[in-house]
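Here the structure is a predicted model, which means the values were calculated and not measured. By convention in this document, chain letters (A, B, ...) are assigned in the order of the sequence lines, proteins followed by strands, and residues within each chain are numbered from 1.
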Protein chains: 2
Amino acid sequence: MGADRTDVLGAAQRLLNRDPGASMSAIADAAGVSRATLHRHVDSRDALLVELGTRSLDQWERRLDGVAVEEVAATGDAAAIRAVLEALVLGYVDDADDHGFALTDHVILANAELIERTQRLADREAVLFAAAQEAGVLRTDLPLRWFGHTIYGQLVAGREAVRLGDVARRDVAHLVLSTLLAGVTSP
Amino acid sequence: MGADRTDVLGAAQRLLNRDPGASMSAIADAAGVSRATLHRHVDSRDALLVELGTRSLDQWERRLDGVAVEEVAATGDAAAIRAVLEALVLGYVDDADDHGFALTDHVILANAELIERTQRLADREAVLFAAAQEAGVLRTDLPLRWFGHTIYGQLVAGREAVRLGDVARRDVAHLVLSTLLAGVTSP
DNA sequence: CTCATTTGAGACATGTATGTCGCAACATTG
DNA sequence: CAATGTTGCGACATACATGTCTCAAATGAG
């Protein structure tokens, strides 16, 4: 019956995804564990949130590593860059399903270390965006910093659309990617 | 020295925009009013949030009324529909500046009445989107319900971009609109 | 089986925000 | 000036989540 530390964190993540204000007691319940045991795993609620935030940044970093952003950016190959961009976004949509609440949680968004690390990851991403602009993949009339934010916004949109049942989960990835790349107007 | 009820709500709105978790005491301070007086204006913190949520929906509704969505939708005139779409989004961007925190606040997002009213306003908007699809302005391969969500996502993105100083306030409206309509890829 | 470890349950102290109240200072109006 | 109403201040009780602790039960390894 050993609830692994990972299991507990996972359960916490899932619950907080549904109810971002859940108490430690509620989280313990959701993890099938007593409040005391939860505290044996994690020092405080804030520490828990920060850890989950870190996890989501880990995942983000894993995505960047997985597609070898820097290398692809260095090639300057338009097709490759475009493929990587799409793969990244699709990956993010998947991740947002699990780590979604971290996108808007106040504690996480206010933590200095996490902010700093977010900045670094955004910088890595920006390298790809710059190369994409250079290669004629992305519009050059948009500021580099904006791309990351739009993607973020679309992730929030997709998450909310699914949450409210307006869009089927399996359709989200396509909708987000397609809207992001081509916009909503008729060609 | 009369701090009007409207003034107090406005101050609360501004503070909560910066710090969504602000306490009643902090809100009172920000409004230049004692905690007791704040409570003379509003029954509880939740009631305050709900009221601010209502305000933001009021503003949304005002926008819809202002451009006469239904009438324009009924004409089926592509140019007019497109103009109204743009005007709406630009208006929303402006509003998000003030009511922004309501976009992601848990209490507000969980309130039954507000959810219901949001639904009704989204329905009104959907009429315009449908007409826009019909008139060849909006893509027909995207589900009706999705348009509202993407717009919402872009608003969140713009808000965050400004908050982090990545984008100048005066540029947001154009970025949001342009990205929304045409996407991020080079034509 | 026995011992060591882990867990759950509950009690406990603490801290903090909330909402209420009374009173004194103040201004506003007549 | 007098009367009325509003405000700030501080006290108060309350509620609730948090984090710690203890002890008994369960688990698992040897």
| said: Please evaluate residues A/Glu113 and A/Arg117 with respect to the criterion salt bridge (charged side-chain N to carboxylate O under 4.0 Å, His left out), reporting the C-alpha separation (whole Å), side-chain torsions for both, the decisive distance (0.1 Å), and the verdict. | reply: CA-CA 6 Å; A/Glu113 286 188 28; A/Arg117 191 165 163 216; over 6 Å; no
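- Sorted by first and then second residue, the ring-ring contact (aromatic ring centres under 6.0 Å, His included) pairs with a member in residues 149-187 of chain A form an empty list; sequence neighbours excluded.
- Heavy atoms only, all atoms of each residue included: B/Leu181 and A/Thr185 are closest at O-OG1, 2.7 Å.
- In this entry the distance linking CG of A/Asp7 with C1' of C/dT6 reads 15 Å, nearest Å.
- Between A/Ile81 atom CD1 and A/Leu128 atom CG the span is 6.5 Å, to the nearest 0.5 Å.
- Contact between the side-chain N/O atoms of B/Thr37 and the OP1/OP2 oxygens of D/dG8 is found at a separation under 4.0 Å.
- Identified under the ring-ring contact (aromatic ring centres under 6.0 Å, His included) test for residues 120-143 of chain B, with sequence neighbours left out: B/Phe129-B/Phe147.
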Pairs under 3.5 angstrom, nitrogen or oxygen only, protein versus nucleotides 18-24 of chain C, please.
residue: C/dT18; atom: OP1; partner: B/Met24; partner atom: N; Å: 3.4
residue: C/dT18; atom: OP1; partner: B/Arg45; partner atom: NE; Å: 3.3
residue: C/dT18; atom: OP2; partner: B/Met24; partner atom: N; Å: 2.9
residue: C/dG19; atom: OP2; partner: B/Arg45; partner atom: N; Å: 3.2
residue: C/dG19; atom: N7; partner: B/Arg35; partner atom: NH1; Å: 3.0
residue: C/dG19; atom: O6; partner: B/Arg35; partner atom: NH2; Å: 3.0

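- D/dT7 atom P lies 12 Å from atom CZ of B/Arg5, rounded to whole Å.
- Interatomic distance, A/Leu52 CG to A/Phe101 CZ, rounded to the nearest 0.5 Å: 4.5 Å.
- In this structure, A/Asp19 places its CG atom 11 Å from P of D/dA17, rounding to the nearest Å.
- When the P atom of D/dT6 is taken as reference, atom CG of B/Leu38 falls 17 Å away, rounded to whole Å.
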